[in-house]
Amino acid sequence: MKRRVTEVLKKHLGEDFVLEKPKDLSFGHYATPIAFSLAKVLRKSPMIIADELAKKFENEEIFEKVEPVRGYLNFKLSDNFLNEYATFVLENPDKFASDNNDEKILLEYVSANPTGPLHIGHARGAVIGDSLCRIGRRLGYKITTEYYINDAGNQIYLLGLSIFLAGRENILKESVSWPDEFYRGDYIVDLAFKAAKEFGEDIFKDEKNIEKLSLFGKDEMMELIKSNLKEVLIEFDSFVSEKSLYEKWDEVFEKLKSNDAVYEKDGKIWLKSTKYGDEKDRVIVREDKRPTYLAGDIIYHNDKFQRGYDRYINIWGADHHGYIARVKAAVKFLGYDENKLEIILSQMVSLLKGGEPFKMSKRAGNFILMSDVVKEIGAEALRFMFLSKKSDTHLEFDVNLLKKEDSSNPIYYIQYAHARINQVFEKSKKSIEDISKVELENLDEDSKNLLFTSFLLPEILEDAFKTRSLQKVTDYLKSLAALLHKFYNEHRVIGSKNEDKYLKVFAVTALSIKIGLDLIGIEAKKRM
RNA sequence: GUCCCGGUAGCUCAGCAGGAUAGAGCAUCUGAUUCCUAAUCAGAAGGCCACAGGUUCGAAUCCUGUCCGGGACGCCA
């Protein structure tokens with residue numbers, strides 16, 4: 001719809017104009033303040049310019065009225081256009097709010113360490129990544145989702161050691177001391193019991209078995225993480241193991257060397273990341289020859305770029321922001337276009353409990369599990385909560401408030417709108433096929449506004465995807481639902497002389513809501 | 001010290017590629033159901049958009065500075 005309008009406007013106004021939506025629909029469906037910017041060049045008052053411009057649109061069928069108001073140029077779409085579009089949408093629901101962008105995108109997100117279950121802080125990036133993917137795919141982008149498993153570092157050894165100690169303490173009943181850096185928490189004890197079952201209790205008697213426990217623990221945790229994700233309807237296309245990448249290290253290292261990206265100092269290998277804007281050079285191989293975490297990421301990104309995508313999106317926690325410069329520098333050293341790599345930071349989620357700050361630590365074992373929150377409020381509420389806030393802003397919420405979110409939950413509000421439409425259809429005993437060809441002539445303003453707002457979905461999705469701001473989708477759905485509820489209260493559908501027309505408008509609204517909800521992973525209920 | 005994010009209604013937040021009267025939800029108060037589900041609607045109240053300058057016909061939005069809050073600045077991952 002917006003595309004059609006833009007085309008027509010370009011014809012008369014040239015390329016350079018701002019198309020916006022008026023605050024109040026009574027002004028019109030679209031508007032442009034172009035007269036203000038032309039006023040200076042033409043040395044005429046904006047009012048006069050707007051008057052003149054409006055005349056150019058007299059013969060455009062798409063508009064019912066083009067009106068100059070205090071310098072603004074307001075456009076009102078014609079019934080005919082709205083009607084034709086409604087018929088098209090109802091007959092081709094799959095084509096509505098879909099597009100054929102063919103960019104190939106690799107989307108990496110979550111990538112939490114396999115050393116414990118997902119906690120509430122991981123949930124934000126997870127939900128954002130998943131919905132971004134769903135929306136992108138609807139718009140035609142070819143998106144592959146990927147989870148990078150950090151299964152190569154010290155933390156995996158620590159996991160094994162923690163299970164080992166938990167086994168000694170809980171199964172062999174020995175007393176052990178737990179230094180700070182170990183993983184605590186019930187899940188470690190569970191793992192110890194599980195390991196005892198799998199390998200026998202004797203495994204905790206010999207420190208040589210720690211490595212075995214590490215691998216066991218890591219695999220168990222990956223399974224747990226996958227099931228945590230599935231609870232919130234998230235599945236990944238692929239998983240990449242950091243460890244498995246290291247066989248390509250020599251090859252990547254040669255590449256870095258030949259691109260003059262590294263040097264040796266103090267027995268260590270450094271990346272010249274300052275050359276591309278990093279604060280300081282970074283060690284990638286330690287004195288004892290063990291590669292650092294950055295080395296793994298360099299191989300990983302080399303691997304990603306070799307796979308030939310048009311764009312690479314990583315969703316990282318905001319605590320990684322200092323890391324962006326060095327990874328981008330590495331990508332550049334590897335000879336790739338670092339502008340294709342886009343990092344979305346999802347800011348910290350701070351939790352309050354009864355008004356008091358609630359500190360989480362995986363190692364201390366006091367963290368709120370994502371799966372616990374899902375049990376408490378459901379996957380949909382969890383998704384909605386994170387999706388309705390910008391990702392790059394700090395988010396604070398109280399765990400106790402979260403639990404009591406019931407009828408004030410905006411999800412119900414939106415679902416109820418969808419359900420109401422469905423019920424009206426059921427009562428009317430008509431189907432979409434029955435009314436999709438009804439002529440929408442002489443529509444009242446209320447139904448026109450509802451129809452128009454329902455048609456906004458495509459441009460909302462496109463905007464939300466391109467600016468990576470998914471809260472625009474939840475906001476839109478809320479406002480569309482509000483309009484529907486208002487309409488419902490003011491107009492009776494069944495039995496009215498406009499019944500069929502209203503049903504047609506409702507059908508479009510329901511379709512918009514349904515598509516919108518699907519894309520954020522929430523069910524559009526037919527009955528509540 | 002450097003860098004990132006933020007400061008908008010009592011609370012949680014939208015709005016920020018400059019544009020018409022600054023919005024929503026929650027909380028508070030008043031009203032609406034003989035009729036398609038009241039999980040709804042209508043209305044009231046609530047704001048020096050942190051502060052100070054600047055750019056502009058026009059600034060919550062852009063620029064500079066200040067203050068306040070959160071986070072990051074490992075050869076941890």
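Predicted model, so just to flag it, every value in this text is computed and none were measured. Naming convention: chains lettered A, B, ... in sequence-line order (proteins, then strands); numbering from 1 in each chain.
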What is the nucleic acid contact for [X], judged by heavy atoms within less than 4.0 Å: base, sugar-phosphate only, or nothing?
X         : result
Arg492(A) : base
Leu395(A) : sugar-phosphate
Arg527(A) : base
Gln471(A) : sugar-phosphate
Ala31(A)  : base
Lys280(A) : sugar-phosphate
Asn74(A)  : base

[X] [atom1] to [N] [atom2]: how many Å, rounded?
X         : N      : atom1 : atom2 : answer
Lys478(A) : G25(B) : NZ    : P     : 9 Å
Asn154(A) : G74(B) : CG    : C1'   : 13 Å
Gln423(A) : C36(B) : CD    : P     : 12 Å
Lys389(A) : G70(B) : NZ    : P     : 20 Å
Arg70(A)  : A20(B) : CZ    : C1'   : 6 Å
Ile411(A) : A39(B) : CD1   : P     : 17 Å
Glu490(A) : U33(B) : CD    : P     : 15 Å
Lys486(A) : A38(B) : NZ    : P     : 16 Å

All N/O contacts under 3.5 Å from nucleotides 54-61 of chain B to the protein, with atom names and distances to one decimal?
unit_1	atom_1	unit_2	atom_2	d
C57(B)	OP1	Lys40(A)	NZ	3.3

Geometric class of the Phe487(A)/Tyr502(A) ring pair [parallel <30°, tilted 30-60°, perpendicular >60°]: perpendicular
G-U wobble or Watson-Crick pairing nucleotide for [N] (cut-off 3.5 Å, both distances):
N      : value
C36(B) : none
G25(B) : C11(B)
C62(B) : G54(B)
G69(B) : C5(B)
G18(B) : none
C41(B) : G31(B)
C49(B) : none

Asp463(A) vs Val69(A), nearer the 5' end of RNA chain B by closest nucleotide: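 Residue closer to the 5' terminus by nearest nucleotide: Asp463(A).
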Of Asp266(A) and Ser388(A), the one whose closest RNA chain B nucleotide lies more 5': Ser388(A)
Donor-acceptor pair between [X] and [Y] side chains, under 3.5 angstrom:
X         : Y         : value
Thr509(A) : Ser454(A) : yes
Thr115(A) : Asn113(A) : no
Glu146(A) : Tyr300(A) : yes

For [X], check ring-ring contact (aromatic ring centres under 6.0 Å, His included) against everything at least two apart and list the hits.
X         : value
Tyr109(A) : Phe236(A)
Tyr476(A) : none
Phe465(A) : Tyr141(A)

Take atom [atom1] in [N] and the same atom in [M], then report the distance between them in whole Å.
N      : M      : atom1 : answer
C16(B) : A52(B) : P     : 24 Å
A38(B) : A24(B) : P     : 23 Å
A27(B) : C51(B) : P     : 29 Å

Between [options], which one does the side chain of [X] approach most closely?
X         : options                : answer
Pro22(A)  : C76(B), A20(B), A38(B) : A20(B)
Arg420(A) : C73(B), A38(B), A77(B) : A38(B)
Lys427(A) : C36(B), A39(B), A14(B) : C36(B)

Contact under 4.0 Å: Tyr413(A) side-chain N or O vs C41(B) OP1/OP2: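 Yes, because at least one side-chain N or O of Tyr413(A) sits under 4.0 Å from OP1 or OP2 of C41(B).
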N or O in side chain of Arg286(A) less than 4.0 angstrom from C76(B) OP1/OP2: yes
Salt bridge (Lys or Arg N to Asp or Glu O under 4.0 Å) contacts touching residues 379-388 of chain A (sequence neighbours left out): Asp130(A)-Arg383(A)
Option among Lys427(A), Lys430(A), Arg492(A) that satisfies the salt bridge (Lys or Arg N to Asp or Glu O under 4.0 Å) test with Glu499(A):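 It is Lys430(A); the other options fail the test.
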Salt bridge present between Arg3(A) and Glu462(A) (N-O < 4.0 angstrom):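 Judged by the 4.0 Å cut-off on N to carboxylate O distance, Arg3(A) and Glu462(A) do form a salt bridge.
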Partner of Phe75(A) by ring pair (Phe, Tyr, Trp, His ring centres under 6.0 Å), out of Tyr30(A), Phe17(A), Phe452(A), Phe57(A):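 So the option named by the test is Phe57(A).
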Shorter than 3.5 Å, N or O on both sides, protein versus nucleotides 4-10 of chain B: list them out with atom names.
unit_1	atom_1	unit_2	atom_2	d
C5(B)	O4'	Gln347(A)	NE2	3.4
C5(B)	O2'	Asp392(A)	O	2.7

Aromatic Phe386(A) / basic Arg124(A) pairing, under 6.0 angstrom, 45° off normal: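 Verdict for Phe386(A): no cation-pi partner in Arg124(A).
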